[in-house]
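Notes follow the structure.
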Amino acid sequence: MYSDCCGGQNKNSIIMAMCLWFLEKHDSITVIDHKFMVPGHTRIECDSDHARIEKARKRYPTSINHPYDWAQLIRWAGKEKFKVEDMN
């Protein structure tokens, strides 16, 4: 299992409890090898997408007060890159 070093997502007790539960329920698995990436040395495509949205948020001309406003911001930031689907 590979994780980045985001403490809020990958180094918490819920992830460790999930691994322990998995080991207890599956007799054929005896070890979970959990590797953490070196901070600052990983890059995946969605990182640049998130950065694009964060930068656009600073320039966005309207305040964001509702989830619909976030969808509009992402549409504005992504131009043709992001396809935003509104859900009910």
Side-chain angles (χ1 to χ4, degrees):
M1 183 165 61
Y2 286 89
S3 296
D4 63 11
C5 282
C6 179
Q9 295 176 5
N10 300 315
K11 291 184 175 179
N12 60 34
S13 60
I14 294 172
I15 295 293
M16 295 306 114
M18 184 261 323
C19 291
L20 181 60
W21 176 87
F22 190 80
L23 288 171
E24 289 175 350
K25 296 294 180 189
H26 297 84
D27 293 334
S28 62
I29 307 285
T30 58
V31 174
I32 295 177
D33 188 9
H34 192 173
K35 298 181 185 323
F36 291 95
M37 304 291 194
V38 177
H41 292 274
T42 58
R43 186 185 176 285
I44 53 177
E45 184 178 352
C46 68
D47 289 341
S48 62
D49 293 341
H50 293 173
R52 176 183 248 182
I53 294 166
E54 288 176 20
K55 285 180 185 176
R57 174 66 188 103
K58 294 176 185 175
R59 299 185 326 268
Y60 194 57
T62 310
S63 63
I64 295 179
N65 299 312
H66 189 272
Y68 175 79
D69 299 334
W70 280 108
Q72 293 300 99
L73 166 67
I74 294 168
R75 282 186 183 99
W76 184 77
K79 310 286 188 264
E80 300 298 320
K81 182 170 175 60
F82 303 134
K83 181 179 178 186
V84 180
E85 296 281 335
D86 292 318
M87 299 176 68
N88 294 327

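Starting from 1, each residue takes its place in the sequence as its number. In this text, all values refer to a predicted model and were calculated from it rather than measured experimentally. What's counted below: heavy atoms across the whole structure, side chains too, no hydrogens, waters or symmetry copies.
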Q | Qualifying residues under side-chain hydrogen bond (donor to acceptor under 3.5 Å, both in side chains), relative to R75, sequence neighbours excluded | A | Q72, D86
Tell me the closest heavy-atom pair linking [X] and [Y], and the distance in Å.
{"X": "W76", "Y": "P61", "result": "CZ2-CD, 4.2 Å"}
{"X": "R57", "Y": "T62", "result": "NH1-O, 4.1 Å"}
{"X": "S63", "Y": "D69", "result": "O-OD2, 3.8 Å"}
{"X": "G78", "Y": "R52", "result": "O-NH1, 4.0 Å"}

Report yes or no: do [X] and [Y] belong to one cluster of Ile/Leu/Val/Met/Phe/Trp/Tyr joined by side chain heavy-atom distances under 4.5 Å?
{"X": "I15", "Y": "L20", "value": "no"}
{"X": "L23", "Y": "W21", "value": "yes"}
{"X": "L73", "Y": "Y68", "value": "no"}

Q. Excluding sequence neighbours, so at least two apart, what forms ring-ring contact (aromatic ring centres under 6.0 Å, His included) with F82?
A. none
Q.
Please report the interatomic distance CD1(I29) to CZ(F22), rounded to the nearest 0.5 Å.
A. 5.0 Å
